[in-house]
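Computed from a prediction, not measured in an experiment: that's the story for all the values here.
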Amino acid sequence: MARIELRRPIGAPPERVWEIITDLSGQVRWMEDIHSLQVTSPQTSGAGTVIRARSKLFGLPVLRDVMEVVTWDEARELKVVHKGAFTGWGAFRLEPHSSGTLFVWEEEFDPPFGRLGELLARLIVAPHLRRVWGRSMDNVRRLAEAPTPA
């Protein structure tokens, strides 16, 4: 099992950050590792929403993922279960912070290929994902802190 947790303070209220991270089909605007993303369920938000994504790993669009939203707690938590290339879960949590919002991104997944996959995940894949997801979180911060049109 591989686990990654990242935290970023954002100078905007949780409601503003929530607008950005829950625009599911718009996540391609800020997620550095997303090659393509489609909401495939009739509903486009809330628990039960299903998303199909093709993610890039080391710049190559190689991972196909199916995610189902299992938690949708307004301006607090969005959690998905991964059912595609790898299994596990991912969560975006928003917590009050002196700057406005603390954005927490957590992922826990089972790498493929048994012990070899776990070793590769720990030594190569996890450090890469931390960098890529960190840049994605910085993109959310830029979008959330940008002046909104009047």
For this session: Check whether any side-chain heavy atom of Asn139 sits under 4.5 Å from a side-chain heavy atom of Met31, and report yes or no.
Result: no
For this session: May I ask you to decide whether Arg8 forms a salt bridge with Asp138, counting only side-chain N to carboxylate O separations under 4.0 Å?
Result: yes
Exercise. Hey, what do you get for CD1 (Ile10) to CZ (Arg142), rounding to the nearest 0.5 Å?
Worked result: 11.0 Å
For this session: With sequence neighbours left out, write down each residue that passes side-chain hydrogen bond (donor to acceptor under 3.5 Å, both in side chains) with Glu145, or none if nothing qualifies.
Result: none
For this session: Treating Ile, Leu, Val, Met, Phe, Trp and Tyr as nodes and any side-chain heavy-atom pair under 4.5 angstrom as an edge, say whether Met67 and Val39 lie in one connected cluster.
Result: yes
Exercise. Going by heavy atoms in the side chains, are Val66 and Arg52 under 4.5 Å from each other?
Worked result: yes
For this session: Output, in order, the C-alpha distance, side-chain angles, deciding distance and verdict of side-chain contact (heavy atoms from CB on, under 4.5 Å) for Ile51 and Val69.
Result: CA-CA 8 Å; Ile51 305 158; Val69 176; 4.3 Å; yes
Seminar exercise, completed: The reported gap from OG1 in Thr101 to CD1 in Ile21 (rounded to nearest 0.5 angstrom) is 9.5 Å
For this session: Dump the intermediate steps for side-chain contact (heavy atoms from CB on, under 4.5 Å) on Met1 and Asp110, then the final yes or no.
Result: CA-CA 5 Å; Met1 185 70 65; Asp110 287 315; 3.1 Å; yes
For this session: Check the pair Leu6 / Val104 against side-chain contact (heavy atoms from CB on, under 4.5 Å), numbers first and verdict last.
Result: CA-CA 6 Å; Leu6 299 167; Val104 180; over 6 Å; no
Exercise. Any chance CD of Gln43 has more than 12 other-residue heavy atoms, nucleotides or ligands included, within less than 6.0 Å?
Worked result: yes
Exercise. Does Val28 belong to the same Ile/Leu/Val/Met/Phe/Trp/Tyr cluster as Val132, with side-chain heavy atoms less than 4.5 Å apart forming each link?
Worked result: yes
For this session: May I ask you to test the Leu129-Phe109 pair for a side-chain heavy-atom distance under 4.5 Å?
Result: yes
For this session: Find the distance between CH2 (Trp72) and CG (Leu78) and round it off to the nearest 0.5 Å.
Result: 6.0 Å
Problem set entry | Phe103 and Trp133 aromatic centres sub-6.0 Å | no
For this session: Answer yes or no: does atom CZ of Arg76 have more than 12 heavy-atom neighbours from other residues, nucleotides or ligands under 6.0 Å?
Result: no
Exercise. From His128 NE2 over to Ile4 CD1, what is the distance, rounded to the nearest 0.5 angstrom?
Worked result: 10.0 Å
Exercise. Can we say Arg16 and Glu19 salt-bridge, meaning some charged N sits less than 4.0 Å from an Asp/Glu carboxylate O?
Worked result: yes
For this session: Give the intermediate values and the outcome of side-chain contact (heavy atoms from CB on, under 4.5 Å) for residues Thr49 and Leu24.
Result: CA-CA 10 Å; Thr49 302; Leu24 300 177; 3.7 Å; yes
Seminar exercise, completed: So CG of Asp65 and CZ of Arg54: to nearest 0.5 Å the spacing works out to 12.5 Å
For this session: Could you tell me which residues satisfy side-chain hydrogen bond (donor to acceptor under 3.5 Å, both in side chains) with Trp105, sequence neighbours excluded, listed by chain and number?
Result: Glu107
Problem set entry | Side chain to side chain, Leu143 and Arg29, heavy atoms closer than 4.5 Å | yes
